[in-house]
Amino acid sequence: MKRLRLGIATLAKAVGMSAGVGAGVMAGAMAGILIGTTVGTTAAMAGTVLERSLPSPTLGRDYRFTVYLPDGYGESCLSYPVLYLLHGANGDEHDWLNKGKIKPTLDRLINDDAITPMIVVMPGHKQMWWVDANAEKAGTVLMKELLPRIEQDFRIVEGRAGRMVAGLSAGGQAAVRLAFEHPEMFAAAAALSPAVYEPLPPSNSSAMKDPPFQKDGKFDGEAWAKLSWRPLFETYRAQPVVVPFYINSGDIDRFEIPYHAAALFRELHRHQPGNAIFRVVAGDHEWPVWASTIGDALEYMSPHARTPIEADPARCGAAK
């Protein structure tokens with residue numbers, strides 16, 4: 001803006017305008033040009049979404065996922081941090097794009113320098129809760145097949161500082177579980193309306209009927225308890241690495257998640273004060289809550305991840 005003011009003054013002087021009406025007209029015209037240019041530049045700075053899949057030996061079929069690449073990824077020679085963003089129990093790899101409007105949110109926050117440019121990976125695994133339980137080994141596919149594939153195919157900042165994990169509902173529960181199981185792998189985590197029910201899910205939760213927690217045609221409480229966050233938290237608390245956490249919930253969540261999420265936050269706050277926050281916002285267990293708060297979660301996580309760094313030149317190019 002300083003350059004613009006200097007340019008206006010110089011141009012006005014060149015055409016013989018004083019600080020009066022003529023200069024004001026010129027300033028207005030130049031400001032109009034700037035606004036038009038700025039809007040055009042912002043519109044042009046948009047990320048790219050890719051549709052991908054990998055052949056999964058664990059599943060015996062293709063495993064689908066979508067990838068957001070920040071603006072300039074193909075032309076740069078930089079490595080970027082990555083966020084693994086997980087859907088809810090009945091979602092798929094398009095949920096965060098179509099219902100959560102994550103792409104325009106990322107574009108806006110990156111363009112505004114509110115978050116560091118990052119790659120976002122959105123896998124799809126409906127009704128599997130991202131766990132290895134009584135159905136498909138969703139946890140194994142995520143950690144042993146997807147993560148290595150992403151870090152092979154894309155320029156990702158190496159190590160813990162290059163990874164974050166987040167999700168909603170069942171995906172939020174998974175983000176909590178993964179951060180507690182693998183604190184050495186994730187720089188930050190976000191759990192939006194996480195399904196961290198204790199001791200058991202409510203009767204209206206999809207966990208009561210989804211395959212991972214079914215055994216002999218009935219809900220398997222043992223499987224649920226084994227994968228609950230609290231036993232994992234005891235192990236997490238006993239080791240030295242701290243994962244900063246963002247947690248939220250709608251205030252009238254039909255599954256009473258504010259109560260369960262508050263219990264999780266209480267333990268985190270006691271263990272790592274200053275490295276966990278809990279937000280209760282207006283809304284139910286619904287997309288308006290998650291779409292409107294994912295930006296807040298991104299802004300919380302971003303400072304804990306490493307900013308883009310120079311990559312090995314051999315890995316540079318649009319396809320790498």
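Values below: all heavy atoms of this structure, side chains included; hydrogens, waters and symmetry mates excluded. The first residue of the sequence shown is numbered 1, and numbering continues consecutively from there.
- The backbone N or O of G88 sits nowhere less than 3.5 Å from a side-chain atom of D95 that would complete a donor-acceptor pair.
- Between Y197 and W224, the closest side-chain pair of non-hydrogen atoms falls below 4.5 Å.
- With values rounded to the nearest 0.5 angstrom, L192 atom CG is found 9.0 Å from W287 atom CH2.
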Donor-acceptor pairs under 3.5 Å, side chain of residues 96-103 to any protein atom, not counting sequence neighbours: which ones?
unit_1 : atom_1 : unit_2 : atom_2 : d
W96    : NE1    : L86    : O      : 3.0
K101   : NZ     : N98    : O      : 2.9
K103   : NZ     : G47    : O      : 3.2
K103   : NZ     : D107   : OD2    : 2.9

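- Look at E222 and K215 and you find no salt bridge, because none of the NZ, NE, NH1 or NH2 atoms lies under 4.0 Å from a carboxylate O.
- With sequence neighbours excluded, the residues that form a side-chain hydrogen bond (donor to acceptor under 3.5 Å, both in side chains) with E51 are H94.
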Step-by-step side-chain contact (heavy atoms from CB on, under 4.5 Å) determination, S193 to D253: CA-CA 8 Å; S193 307; D253 189 291; 4.1 Å; yes
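- The two atoms that bring P70 and I110 nearest to each other are CB-CD1, 4.2 Å, heavy atoms only.
- T66 places no side-chain N or O within 3.5 Å of a backbone atom of L50 that could act as its donor or acceptor partner.
- Using a 4.0 Å cut-off between charged nitrogen and carboxylate oxygen, E286 and R254 do not count as a salt-bridge pair.
- Contact annotation: the side chain of R279 approaches that of D296 to within less than 4.5 Å [non-hydrogen atoms, C-beta and beyond].
- Between N204 and F255, the shortest heavy-atom distance links the atoms O-CE2, 3.2 Å.
- Connection of L168 to F278 is not established within any shared hydrophobic cluster, with ILVMFWY side chains joined at heavy-atom distances below 4.5 Å, either directly or through further cluster members.
- Ring geometry, H285 versus W290: the interplanar angle exceeds 60°, so the pair is classed perpendicular (tilted spans 30 to 60°).
- A side-chain donor from one of S76 and R155 sits under 3.5 Å from a side-chain acceptor of the other.
- Side-chain contact between M143 and M185 is present, with at least one heavy-atom pair separated by less than 4.5 Å.
- Annotation for W129 and A174: closest pair O-CB, 4.3 Å, computed over non-hydrogen atoms.
- Both tests do not hold together for R160 against F186: distance to the six-membered ring centre under 6.0 Å, angle to the ring axis within 45°.
- The neighbour count for R149 CZ, taken as heavy atoms of other residues, nucleotides or ligands under 6.0 Å away, is above 12.
- Taking hydrophobic clusters as Ile, Leu, Val, Met, Phe, Trp and Tyr residues chained together by side-chain heavy-atom distances below 4.5 Å, M118 does not share a cluster with L78.
- Within the 4.5 Å cutoff, the side chain of S79 has no heavy atoms near those of the E158 side chain.
- Side-chain contact check for V281 versus V289: some heavy-atom pair is nearer than 4.5 Å.
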Just do the side-chain contact (heavy atoms from CB on, under 4.5 Å) check on L146 and Y63 with the steps written out, would you? CA-CA 9 Å; L146 179 66; Y63 183 76; 4.2 Å; yes
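- Between F265 and H269, the angle of the ring planes stays under 30°, which puts this pair in the parallel group of the 30/60° scheme.
- For R52 and E93, the salt-bridge test fails: no basic side-chain N is under 4.0 Å from an acidic carboxylate O.
- To the nearest 0.5 angstrom, L200 atom CG is 7.0 Å from M208 atom CE.
- In this structure a side-chain-to-backbone donor-acceptor pair under 3.5 Å is present from D312 to A314.
- Residue G250 comes nearest to V280 through the heavy atom pair C-CG1, 4.4 Å, listed as atom of the first residue, atom of the second, then distance.
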Residue pair Y236, Q272: steps toward the side chain to side chain donor-acceptor pair (under 3.5 Å) verdict: CA-CA 11 Å; Y236 170 76; Q272 52 189 61; 2.5 Å; yes
Chi angles and distances behind the side-chain contact (heavy atoms from CB on, under 4.5 Å) call for L85, V121: CA-CA 6 Å; L85 185 58; V121 179; over 6 Å; no
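- Remark: D251 CG to I257 CD1 distance equals 12.5 Å, nearest 0.5 Å.
- Ion pairing of K126 with D92 is absent here, as no side-chain N (NZ or NE/NH1/NH2) approaches a carboxylate O to less than 4.0 Å.
- By the 4.0 Å N-to-carboxylate-O rule, K137 lies too far from E145 to be salt-bridged with it.
- Remark: F219 CZ to S205 OG distance equals 8.0 Å, nearest 0.5 Å.
- Between W130 and H125, the two ring planes are perpendicular [angle over 60°; tilted spans 30° to 60°].
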Check against side-chain contact (heavy atoms from CB on, under 4.5 Å), R230 and E198: CA-CA 9 Å; R230 196 171 289 274; E198 290 187 293; 2.6 Å; yes
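- Annotation for L268 and A276: closest pair CB-CB, 4.0 Å, computed over non-hydrogen atoms.
- Atom NZ of K209 sits in a crowded spot, with more than 12 heavy atoms from other residues, nucleotides or ligands closer than 6.0 Å.
- Residues V157 and P308 fail the side-chain proximity criterion, which asks for heavy atoms closer than 4.5 Å.
- Y246 is not connected to F180 by any chain of hydrophobic side-chain contacts under 4.5 Å among Ile, Leu, Val, Met, Phe, Trp and Tyr, and they are in different clusters.
- Annotation: side chain of Y73 is not in contact with side chain of D71 (no heavy-atom distance under 4.5 Å).
- Taking hydrophobic clusters as Ile, Leu, Val, Met, Phe, Trp and Tyr residues chained together by side-chain heavy-atom distances below 4.5 Å, L142 shares a cluster with I119.
- The two atoms that bring N134 and P211 nearest to each other are CB-O, 3.8 Å, heavy atoms only.
- Distance check: S56 OG to E136 CD gives 8.5 Å after rounding to the nearest 0.5 Å.
- A 4.5 Å side-chain heavy-atom check between N90 and Q127 finds at least one atom pair inside the cut-off.
- Tracing side-chain contacts under 4.5 Å through hydrophobic residues (I, L, V, M, F, W, Y), one reaches L59 starting from F65; they form part of the same cluster.
- Here CD of E299 is found 12.5 Å from OG1 of T116. Values are rounded to the nearest 0.5 Å.
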